[in-house]
Amino acid sequence: MADGAVNFLLDKLTTILLQKASLLGDVCDEIEKIKLELESMRSFIRDAERRKVESKSAATWMKQVRDVAYEVEDIVDEFMHHRDREMRKSDFKGIVQDVVNFPKRMCKRHYFSSKLQHIKSKVQEVSERSQRYGFVQLDEANTTNVASDIWQQYGDSSIFVDEDEIVGMEANTEQLLGWLMEEEPRRTIISIVGMGGLGKTTLVTRVYNNQIIKRWFDCWAWMSVSQTFGVDELLRSMIKELFATTQLPAPDKLGSLNYRELLCLFNDYLHQKRYVIVLDDVWSIDLWSRIRAAFPNNKHRSRIILTTRNENVAASVGIGSIIHRLEHLQEKEAWSLFCKKAFWNDPDHRCPKEIQSLAEAIMKKCQGLPLAIVAVGGLMCSKSKTVGEWRKVYESINWQLSNNQMLESLKGVLLSSFNDLPFYLKQCFLYCCVFRDGYPIKTKNLIRLWIAEGFISGRKGMTMEEIAEEYLMELILRSMIQVTETNDAGRAKTCRLHDVMRELAMTMSEKENFCTSYEDHQSRMEGKVHQLSIYNTVENIRISTNTSHHLRSFFVFPTDACSSFSLTCILSKFRLLRILNVEGVPVEAIPSALVKLFNLRYLNLRNTKIRELPKSMGRLKYLQTLDVRNTFVQRLPSGISKLSKLRHLCMYQKIDQTSETSSLRSMQVPAGIWNIKSLQTLAYIEADKELIQHLGNLSDLKKLEITKVRAEDGQALCSSIKRMTGLISLGVMASSTDEELQLEALHLPPLFLQKLTLFGKLNRLPGWVGSLASLSHLSLGHSCLKEDLLPSLHLLSSLMSLQLKNAYDGTFMHFKAGWFPKLIKLSFQDLARLDIVKLEEGSLPSIRELYLIRCQKMNKLPSGIQRLTGLQKLHLEEMPEELMQGFQDLVGEDQENVQHIATIKLIYISEGKRIVEEL
C-alpha cells in the first residue's frame, strides 16, 4: 500500500519538476529534495510490504511512509492549485494590479515554502528510521511476476472463476432439489447454515438456476441480504425482482409505500402463486419475524431458502422449517478441488511428485473450506513447481489456519493470498471496499476509478484502460475477485468481492486509513481516511474537518428511503477530492462549489435528477471521466471543451426504460470537443457538420457513438473515422429511420474494430464490413437491405453476436456448414418478409441464444434447429399465432425439435396485455 502511495506521489513530483523552475520559484528545491528522499525510501518499501505481517516495526514504518506521502501530496496539490490561480489572474490583470498583489503572493509563497521544509524534515526522519530496521533491498532484476506470464497463456475461456469447478456438492444439490419439489403443500423454509466460504451461496445458486426449478415455480426472486439492509428496502427490492422475472413493470409509487403497505402488496402478489424466494446471507435474528407476513402460506408448495452463517438465525424461523448444515469438504474432494486450481494447465490436473507432500500439507491447512482452497490454489498456480518455492509458502501461512476458529483460519489463508499480490494490485483490490456489500461492481467503472486514483502505471504501447483491465484479470485469476456477469464475448461485465474476501479487505483497509464507510448509526466520521462511502443515511452527515481535508474519494449509494440529497454543504469541505460518485442518488442540482474541486478526476452523475452542469466546468482541468447518462441534462456547457485530460464522456437519456438503443436520446457537445486528444470514449453525441469534420483529430478514440447522421455527412464522417486507427467500438445512427447512411467511402476501417452498430438505411452492406477480422458484435437496424446479408457476414470468423432489426427485406436465409463458428447470440427483429430460415448441419456450432421478435411471416421454426445442440435459450416474442400456438401445445415435430433447449420464453399480447411464459 505504501509503495502505491509513494509511486503515485513520485510520478506527480516528477511531472511538476519538469515544468520550468520559474513557475515554482523557491519551492522547486524543496520539492526536488523531497522527491530524492522518497526515491531513496522506495527501495525498502516492497520488502517491507512483504514483511509487514511478521514485523511490527516494519508495519509501523510503512504506516509512517504512507502518511507522510499523503501529507506531501496534500501540500503539493494545494501549492499547484495556488500557482494555477495566480497565473490565471496574471493573464487578466495589468501590471499595476500585479504590483499591488506582490506582497500577498510573496506571503503565500513563504507559507508553502515553510510547510514544504517542515514536511521535508518529516520525510528525512522516516527515511532514517528504515536504516535502523535493517531492511534488505530487493534485487528487482531477479524478481519476475510469474502470475502475469501465466495469465498471458491462460486463454479467454479460463479467465473467470468457474462455479462448476466446485466439487463435493452433488449430494447437497440433490437433497435441496428434493426439498424444493416434494409434495408437501405447506410453505417451507429451508435454512442453509455454515460459516463464510463453505459454499452456501454456490449451492443455492446451482439449484436456483436449474431450469427444472424455473418450470416448477410460478415466480422467483433472489435477494442478497447484508447486515445493513433495512426491512422496507428489502421488501421493495424483492417486489422489483419478482415483477422483473415476469417482465412486468414495478408498481407505481413503490418508493413511497410504508412497511405495512409493502407487506400487503407482497402478500397479494404471491397469494395464488407457487413461489420460491432466496434470502442469501441473513444476519439478523429478528428478520424473519418482521417479513414473514409477506409470504402467504397458500398451500401451493411454495418454498423459501435462507442462507446464514449464524445457526441462531436459522433456529429463529421456528417450528416446521428445515435446517441443513453444510459440512467441510472431505479430504479426497478437497484435494480434487485444490488440484483443479493449482494445476489448471495440466490436462489431468496432476500434482508433480516432487512437491506432492508439500501440496497436500498446504491443502490440509485449508481445513476443507472451499473458498480457502480456491484462494490458495489460485495463489499456488502462479508459483514455480519447485520444493523451495512451495516450502516458502507453506511456512509463511498464518498459524491460525490450524485453529478451531474457522473464520480466523480463513482470514489467514486469504491474507497469504493478499500479501502475495504485487504492490500495484494491493491497492486495486482494497479499493473494491468502497462499494457496499453485495453491490455489483461494473468493471468499466472500476477500471476508470483505478485510473483516476492514480493506481495504474503507464506502459508503452498500451492505454491506461488496457493496463487496468490486465490488473482486473489478474485479480480474477487469483480468485480475489468474483465475476458475477459476463457479456456475450465472455468478458467480465460486473464483479464483486466474496463476503469473506471483503471482510478481510475492509479490516486491512480501515487499519491503513485507506477507505471506510459511514453508516447512519455513527455520530461523527473521524480520522485521515482517503476513500469514504456513504449509505443508509441521507441527512445529518457529520464529517470532521480533519477527515474532509484529506478525503480523496466520496461515494454515495442510493437507498429507496432517499427522496432527495444535497451536495452543497458537503462539497464545500472536500477541497482535495478526486472522485465523486453519486450514481442513482436523487441529486437534483449540482452546486457551483463543484468547480472548486480542482483535483476532481472522476464525476459520475448517472441516473440522477440533475438538469444542468455548472457553466464553469472548464475549471476542472484534471477531469478524466464525466458520466451524465440518464439524467435531465440536455446540453453540456461550452467549458467542457477545455478539459484537456478528459478520457470518457458518456451521455444519453433513456426515454423508455424498457426499450433498447432506439429509445436513447443523444446530446449536443460544445464546439472544440475534438481538441481533447486524450478522449477514449465519446458516447451518444449528436452530429453536426463542424463536429464531423474535426472528429478525425481524436485519433486515439476507442469508442464513438454518433447520432442524427445525414446522408450528406457520409463522406466527411468516413474521412474522420479513417484517422481513428485505435477505434474498438463504433456506432452510427441516422437522423431518422428513413435517412440513408452513406458509409461506402470507409475503405480502410479501423483495424481492431470489435463492435459495430449501424442504424439507418443502407443501399447495400458496405464492402469493408466483411473485412473486420476482429469484429465480435454487429448490430444492424432499419437497414432494409434487399440483398442476402449472410454471404458477406459469414466471413466474420470472430463474430459472437449478430442482431438484425428491420435490417433485411428478403424472405429467405440460409446458414451453411462452417458459417459463423463463434456466434453465440443471434437476434432477428422486425424482419417483416422473412418466412424461411434454413440451418445446415455444422452451421452455428457455438450458438447459445436465439431471438425471434416480430417476424410476422415466420410461421415455422428455423429448419434444422434440432441440429443446434448447444442452443440454451430460445426467445419468441410477438411471433405469428400459428408458431406460438405450436409451442404452447408442444406436440409432435415441434416438441422433438426443441426438447434439447433448456429455456424457451414466449412473449405475446393477449387482450391488450403483455404475457410472458417460460416452457
Side-chain angles (χ1 to χ4, degrees), residues 176 179-180 186-198 200-205 207-208 219-243 254-255 257-271 275-298 302-326 407 436-439 496 498-500 502-503 506 517 519-521 535-537 557-562:
L176 184 53
W179 285 327
L180 289 172
R186 293 173 298 178
R187 180 200 65 196
T188 304
I189 299 97
I190 306 164
S191 297
I192 311 297
V193 182
M195 64 164 288
L198 268 180
K200 303 183 296 296
T201 301
T202 300
L203 168 64
V204 177
T205 300
V207 175
Y208 181 81
C219 59
W220 50 87
W222 177 297
M223 291 308 304
S224 295
V225 185
S226 70
Q227 299 178 70
T228 58
F229 242 121
V231 173
D232 288 9
E233 183 183 355
L234 176 64
L235 289 170
R236 290 190 184 95
S237 298
M238 286 195 293
I239 290 170
K240 291 178 183 176
E241 180 76 10
L242 281 170
F243 277 76
L254 182 62
L257 298 181
N258 61 32
Y259 167 73
R260 184 177 295 274
E261 291 169 335
L262 289 168
L263 287 178
C264 292
L265 175 62
F266 204 106
N267 192 292
D268 289 343
Y269 181 81
L270 296 178
H271 188 66
Y275 58 85
V276 58
I277 307 292
V278 176
L279 301 174
D280 186 36
D281 199 21
V282 178
W283 292 73
S284 174
I285 292 179
D286 66 345
L287 176 68
W288 175 247
S289 65
R290 299 185 65 186
I291 66 172
R292 65 185 305 163
F295 304 98
N297 191 358
N298 53 18
S302 296
R303 302 290 181 259
I304 297 169
I305 306 175
L306 180 149
T307 75
T308 181
R309 306 178 191 186
N310 189 342
E311 189 160 333
N312 288 330
V313 172
S316 69
V317 172
I319 300 174
S321 64
I322 298 172
I323 297 178
H324 182 61
R325 299 170 184 86
L326 281 191
L407 189 57
R436 64 182 298 179
D437 189 18
Y439 188 88
R496 69 182 295 268
H498 186 279
D499 49 2
V500 182
R502 188 176 186 275
E503 185 177 347
M506 284 297 296
S517 60
E519 302 185 45
D520 52 7
H521 63 268
Y535 43 83
N536 288 347
T537 184
F557 289 94
T559 63
D560 287 328
C562 182

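- In this structure, the separation between CG on Leu306 and OG on Ser191 is 4.5 Å, given to the nearest 0.5 Å.
- One distance of note links CG of Leu180 with OG1 of Thr188; it measures 9.0 Å at 0.5 Å rounding.
- Side-chain atoms of Trp220 and Val278, non-hydrogen and from C-beta on, never get closer than 4.5 Å to each other.
- No donor-acceptor pair under 3.5 Å is formed between the side chain of Ser302 and the backbone N or O of Arg187.
- Using a 4.5 Å cut-off on side-chain heavy atoms (C-beta onward), Ile277 and Met238 make contact.
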field: Candidate pair Thr307 and Asp280, rule side chain to side chain donor-acceptor pair (under 3.5 Å), full reasoning
entry: CA-CA 5 Å; Thr307 75; Asp280 186 36; 2.5 Å; yes
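- What you find for Ile285 and Ser316 is that their closest heavy atoms are O-OG, 3.1 Å.
- The OG atom of Ser224 lies 10.5 Å from the CG atom of Leu234; values are rounded to the nearest 0.5 Å.
- Summarising the geometry, atom CD1 belonging to Ile304 is positioned 7.5 Å from atom CD1 belonging to Ile291; distances are rounded to the nearest 0.5 Å.
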- prompt: Taking it one step at a time, do Asp232 and Leu262 satisfy side-chain contact (heavy atoms from CB on, under 4.5 Å)?
  reply: CA-CA 7 Å; Asp232 288 9; Leu262 289 168; 4.2 Å; yes
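- Here Glu311 pairs with Arg325 under the side chain to side chain donor-acceptor pair (under 3.5 Å) rule; sequence neighbours left out.
- When all heavy atoms of Asn298 and Leu270 are compared, the closest pair comes out as ND2-O, 3.1 Å.
- Rounding to the nearest 0.5 Å places CD1 of Ile192 at 13.5 Å from CG of Asp281.
- Contact between Lys200 and Gly194 at its shortest, heavy atoms only, is NZ-O, 3.1 Å.
- Heavy atoms only, all atoms of each residue included: Trp222 and Tyr208 are closest at N-OH, 3.5 Å.
- The side chain to side chain donor-acceptor pair (under 3.5 Å) test applied to Arg290 returns no partner, not counting sequence neighbours.
- Checking side-chain atoms of Arg303 against main-chain N and O of Trp179 turns up a donor-acceptor pair under 3.5 Å.
- Between the side chain of Arg186 and the backbone N or O of Asn297, no donor-acceptor pair lies under 3.5 Å.
- Here CG of Leu254 is found 5.5 Å from CD1 of Ile239. Values are rounded to the nearest 0.5 Å.
- Evaluation of the ring pair (Phe, Tyr, Trp, His ring centres under 6.0 Å) rule for Phe295 yields Phe266, Trp288 as partners, not counting sequence neighbours.
- For the residue pair Leu257 and Arg236, the shortest heavy atom distance occurs at O-NH2, 2.6 Å.
- The six-membered or imidazole ring of Tyr275 lies away from that of Tyr269, with a centre-to-centre distance of 6.0 Å or more.
- In this structure, Ser321 and Ala314 approach most closely via the heavy-atom pair OG-O, 4.4 Å.
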